[in-house]
Amino acid sequence: QVQLVESGGGLVQAGGSLRLSCAASERTFSSYAMAWFRQAPGKEREFVAGISRTAVSTYYGDSMKGRFTISRDNAKNTVYLQMNNLKPEDTAVYYCAAGISVSGLRRGDPGGYWGQGTQVTVSS
């Protein structure tokens, strides 16, 4: 069982930056692909970014490209999401997820692990 704990959310003005972190309890963290998703009130969950087990490959949702950067530190069992030039439409609860592959997480394949989420609010 992998436990994921997100942190770093908060309130920021439009144009500002935040860095989210997701710490995993599992010592085999490096065997999992990781991803960030978000969900705004009344909207479906949206893929934000994903990173392969060795960080060779990264993936982004269309509206995040060029503004968000996902990275991971396997020695610290942590994945990060650097968010720059934030917009009010980025307001959502951001969730960290671990799974066999980023594509599997995006499909919602069974066997994935999810954190409790961290709130990001961007004011205009």
Side-chain angles (χ1 to χ4, degrees):
Q1 186 80 14
V2 179
Q3 293 183 326
L4 303 172
V5 179
E6 303 96 336
S7 61
L11 174 64
V12 63
Q13 289 188 332
S17 298
L18 281 175
R19 188 195 196 201
L20 305 183
S21 299
C22 172
S25 62
E26 181 59 52
R27 284 182 291 179
T28 58
F29 173 77
S30 61
S31 65
Y32 292 94
M34 302 296 297
W36 289 94
F37 292 80
R38 69 186 184 186
Q39 188 164 22
K43 294 188 177 181
E44 293 186 352
R45 187 174 66 194
E46 179 182 21
F47 172 74
V48 175
I51 188 166
S52 62
R53 287 172 283 182
T54 59
V56 168
S57 299
T58 57
Y59 311 88
Y60 296 93
D62 289 341
S63 64
M64 298 81 178
K65 291 178 182 177
R67 299 190 299 125
F68 292 8
T69 302
I70 189 171
S71 62
R72 65 189 296 162
D73 186 338
N74 286 344
K76 295 183 178 180
N77 293 353
T78 302
V79 62
Y80 305 97
L81 184 68
Q82 178 67 43
M83 304 186 294
N84 297 328
N85 190 21
L86 283 162
K87 304 176 182 180
E89 51 264 42
D90 293 318
T91 295
V93 178
Y94 284 70
Y95 298 92
C96 172
I100 299 300
S101 66
V102 174
S103 59
L105 288 169
R106 296 183 72 171
R107 289 192 302 266
D109 289 353
Y113 299 96
W114 294 80
Q116 293 300 307
T118 185
Q119 176 71 48
V120 171
T121 303
V122 184
S123 63
S124 56

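The first residue in the sequence is number 1, and the count goes up from there. Keep in mind that the numbers below use all heavy atoms, side chains included, and drop hydrogens, waters and symmetry copies.
- Judged by the 6.0 Å distance and 45° axis criteria, Arg106 is not positioned over the aromatic ring of Tyr59.
- Minimum heavy-atom separation, Val79 to Phe29: N-CZ, 4.0 Å.
- Under a 3.5 Å cut-off, the side chain of Arg72 and the backbone N or O of Ser52 do form a donor-acceptor pair.
- Separating the OG atom in Ser101 from the CG atom in Asp109 is a distance of 6.5 Å, to the nearest 0.5 Å.
- Residues Cys96 and Leu4 approach most closely at O-CD1, 3.7 Å, considering heavy atoms.
- Of the possible donor and acceptor atoms, one in the side chain of Glu6 sits under 3.5 Å from a partner among the backbone N and O of Gln116.
- A search for ring pair (Phe, Tyr, Trp, His ring centres under 6.0 Å) contacts involving Phe37 returns Phe47, Trp114, not counting sequence neighbours.
- Looking only at distances, a side-chain donor or acceptor of Tyr60 sits under 3.5 Å from a matching main-chain atom of Ile70.
- Contact detail for Ala24 and Val2: the closest heavy-atom pair is CB-CG1, 4.4 Å.
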Stepwise, does the side-chain contact (heavy atoms from CB on, under 4.5 Å) test hold for Gln119 with Thr91?
CA-CA 8 Å; Gln119 176 71 48; Thr91 295; 4.0 Å; yes
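- Checking side-chain atoms of Asn74 against main-chain N and O of Arg53 turns up a donor-acceptor pair under 3.5 Å.
- Counted within 6.0 Å of CD on Glu46, heavy atoms from surrounding residues, nucleotides or ligands total more than 12; the atom is thus considered enclosed.
- Closest non-hydrogen pair, Val120 versus Leu18, comes out as CG1-CD1, 3.9 Å.
- Applying the 6.0 Å contact sphere to CG of Leu11 captures more than 12 heavy atoms from other residues, nucleotides or ligands.
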